[in-house]
Amino acid sequence: MSEASVNAIRLKRVLLLLPVLVLVALVSSWFWGDSQQAKAALPSLTLETLDGKPYPLASPGKTRLVELIYTRCPDVCPTTTFKMVQLQKRLTDAGAMGKSVEFLTITIDPHNDTADVLQRYADQLQIQTQGWTILRGDESTIQSVTRSLGFVARKSADGFISHTTSTFLVNANNEVIRTFGMGDDFNTDLIYQELVSKNKEGL
């Protein structure tokens, strides 16, 4: 049998299997997406504010925008926080910040991100305290938070943490209702419109 004939048979087999593979991929995607969506929520855990006060993470009542960062991050984390500072100003002017909308910043590097380090980070990026809470916890608690949100973070030997580049919009029932990007993919205008819309809807 010639090489051309062999290649033709292989191509025919691939074409016959292609619809099956696509179907399997779609079913897996639907199943995986639904299970992830169902699991994506803030867990019933207590973290700690910068002044050492306990903060029940699953506190109902307000729409919250949640970012997970570490202060030694060279790019995407400070860029995201800086854009959230800009967003905070706009939401304050709209009368939503701290009333129906809150921001949460949670460190994924609690060993290095002490309360003092996080306070310096907040000061450098000009975070205002109105409606914005910065949180930390022990390694085990933070891992529980990241797992609940489907946020992956892996620390290398040099201390650099590779992590998911997502921020989370959480409703009054602590459920993640939408995810946004981080860094350059954090669209301030889009998120502002989303938060204002949720504010009007009372969600």
With distance as the sole criterion, is a donor-acceptor pair present between the side chains of Ser140 and Asp138 under 3.5 Å?
no
Would you call the rings of His163 and Phe151 parallel, tilted or perpendicular, taking 30° and 60° as the class edges?
parallel
Is there a side-chain contact between Leu169 and Val176, using heavy atoms and a 4.5 Å cut-off?
no
Are Asp116 and Thr114 close enough that a side-chain donor and a side-chain acceptor fall under 3.5 Å?
no
State, yes or no, whether a side-chain contact exists between Leu149 and Leu68 at a heavy-atom distance under 4.5 Å.
yes
State whether the side chain of Asn173 and the backbone N or O of Glu175 hold a donor-acceptor pair below 3.5 Å, judged by distance alone.
no
Walk me through whether Phe186 and Thr167 qualify under side chain to side chain contact (heavy atoms under 4.5 Å, CB included).
CA-CA 8 Å; Phe186 187 91; Thr167 54; 3.8 Å; yes
Out of curiosity, Thr141 OG1 to Glu48 CD, how far, rounded to the nearest 0.5 Å?
10.5 Å
Dump the intermediate steps for salt bridge (charged side-chain N to carboxylate O under 4.0 Å, His left out) on Arg90 and Asp189, then the final yes or no.
CA-CA 10 Å; Arg90 294 177 65 180; Asp189 291 333; 2.7 Å; yes
Looking at side-chain heavy atoms only, is the closest gap between Met84 and Leu65 below 4.5 Å?
yes
CD (Gln86) with more than 12 external heavy atoms under 6.0 Å:
yes
Can you list, pair by pair, the side-chain donor-acceptor contacts under 3.5 Å of residues 70-78, counting residues two or more places apart and other chains?
residue : atom : partner : partner atom : Å
Tyr70   : OH   : Ile161  : N            : 3.1
Tyr70   : OH   : Ile161  : O            : 3.4
Thr71   : OG1  : Asp113  : OD1          : 2.4

Looking only at heavy atoms, which two atoms of Val101 and Phe103 are closest? And how far apart?
CG1-CE2, 4.2 Å
Where is the tightest heavy-atom contact between Thr164 and Gly150, given as atom of each residue plus distance?
OG1-O, 4.3 Å
Side-chain contact, heavy-atom cut-off 4.5 Å: Pro110 with Glu139?
yes
Side chains of Tyr121 and Thr81, donor plus acceptor under 3.5 Å:
yes
Pairwise side-chain contact, Ser162 with Arg154, heavy-atom cut-off 4.5 Å (strictly under)
yes
Given Phe168 and Ile177, is the side chain to side chain contact (heavy atoms under 4.5 Å, CB included) satisfied, shown in steps?
CA-CA 8 Å; Phe168 303 89; Ile177 54 176; over 6 Å; no
With sequence neighbours excluded, tell me which residues meet side chain to side chain contact (heavy atoms under 4.5 Å, CB included) with Thr46.
Pro54
Once rounded to the nearest 0.5 Å, what's the spacing between atom CD of Gln88 and atom CE of Met97?
4.5 Å
Under the salt bridge (Lys or Arg N to Asp or Glu O under 4.0 Å) rule, collect the residues that match up with Glu67, sequence neighbours excluded.
none
Side-chain donor-acceptor pair under 3.5 Å between Asp123 and Gln119, yes or no?
yes
Would you call Asp109 and Arg136 a salt bridge, using N to O less than 4.0 angstrom?
no
Tell me whether Val117 shares a hydrophobic cluster with Leu104, the cluster being built from Ile, Leu, Val, Met, Phe, Trp, Tyr side chains joined at under 4.5 Å.
no
Say whether Arg64 and Asn174, considering side chains only, have a donor N or O and an acceptor N or O under 3.5 Å apart.
yes
Return the OH to CG distance between Tyr55 and Leu45, rounded to the nearest 0.5 Å.
13.0 Å
Assess the residue pair Leu118 and Thr107 against the criterion (side chain to side chain contact (heavy atoms under 4.5 Å, CB included)); give the C-alpha distance rounded to whole Å, side-chain angles, the decisive distance to 0.1 Å, and a yes or no.
CA-CA 8 Å; Leu118 286 166; Thr107 178; 4.1 Å; yes
Supply the atom-to-atom distance Leu195 CG to Glu102 CD, rounded to the nearest 0.5 angstrom.
12.0 Å
Do the side chains of Val152 and Leu42 join up, straight or via other hydrophobic residues, at under 4.5 Å, putting them in one cluster?
no
Side-chain contact test, heavy atoms from C-beta onward, threshold under 4.5 Å: evaluate it for Thr49 versus Leu135 and give yes or no.
yes
Gap separating the CD1 atom of Ile106 from the CD1 atom of Ile134, nearest 0.5 angstrom:
11.0 Å
Arg178 with Glu194: basic N within carboxylate O range, under 4.0 Å:
yes
Look up atom CZ in Phe180 and atom CG in Asn187, then write down how far apart they are to the nearest 0.5 Å.
9.0 Å
4.5 Å side-chain heavy-atom contact, Pro43 and Leu57
yes
